[in-house]
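Below is one structure, written out as structure tokens; the observations come after it.
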Amino acid sequence: MTALPKKYWLFKSEPESFSIADLAKAPNQTTSWEGVRNYRARNILRDEIKVGDEVFFHHSSTNPPGIVGVCSIVKAGYPDSLALNPQSEYFDPADAKDNPRWYTVDVKLMRKFSKMISLTTLKETKGLEKMMVCQRGARLSIQPVTFDEWRIVNRLAVRLETS
DNA sequence: GCCAACGTTGGC
DNA sequence: GCCAACGTTGGC
């Protein structure tokens with residue numbers, strides 16, 4: 001069996017609803033990334049993300065927004081059961097168990113940065129000009145990250161932590 | 001299938 | 001709180 005090349009992603013979360021501190025406290029530092037209700041993001045969760053892929057955890061709608069750590073995918077796409085739960089804010093009455101519409105993956109915390117890499121810093125960093133999260137109006141909550149962008153951001157993280 | 005109106009996201 | 005940029009909905 002040949003391992004597929006690892007891919008890299010950025011997941012956005014509003015820390016008021018789920019923060020990296022919440023993930024750090026979760027059992028096994030693992031959570032199901034539930035509640036994504038956007039078709040482009042759904043397609044990525046369902047079709048593209050594989051076990052072993054790595055993820056930047058990004059805090060949005062906060063001041064400042066930015067990348068706060070690194071996660072790893074421990075379970076690939078599977079149906080998001082919250083879509084079937086009428087009690088959930090993520091309930092979707094059109095969802096059907098035999099034909100699931102929404103998907104989730106499981107992520108495990110690998111590293112929490114001691115200092116956030118702010119969006120401002122990302123935007124100022126050479127090589128990240130085309131990174132999706134740096135683009136105006138890039139609302140997608142599950143974003144692809146290139147290998148080059150991944151390396152540059154990780155180097156930034158090391159530099160910030162030792163400065 | 002077009003597109004206007006409406007709703008949401010998210011940086012600022 | 002503003003508002004630009006997206007996404008979704010629904011009339012036609």
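Just so it is clear, the values below take in all heavy atoms, side chains as well, and ignore hydrogens, waters and symmetry mates. Note on naming: letters A, B, ... go to the chains in the order of the sequence lines (proteins, then strands), and numbering restarts at 1 for each one.
Taking the six-membered ring where the residue is Trp, W33(A) and F11(A) present tilted rings, their angle falling between 30° and 60°.
Contact footprint of chain A on DNA chain B: nucleotides with an atom under 4.0 Å from a non-hydrogen protein atom, first to last in 5' to 3' order, dG7(B) to dC12(B).
For F57(A) and W9(A), the ring centers are positioned 6.0 Å apart or more. Between W102(A) and Y90(A), the gap from one ring centroid to the other reaches at least 6.0 Å.
Using a cutoff of 4.0 Å between basic side-chain nitrogens and carboxylate oxygens, D148(A) and R151(A) are scored as salt-bridged. Between R37(A) and D92(A), no side-chain nitrogen of the basic residue sits less than 4.0 Å from a carboxylate oxygen of the acidic one, so the salt-bridge criterion is not met.
L119(A) comes within 4.0 angstrom of the backbone, heavy atoms only, and of no base.
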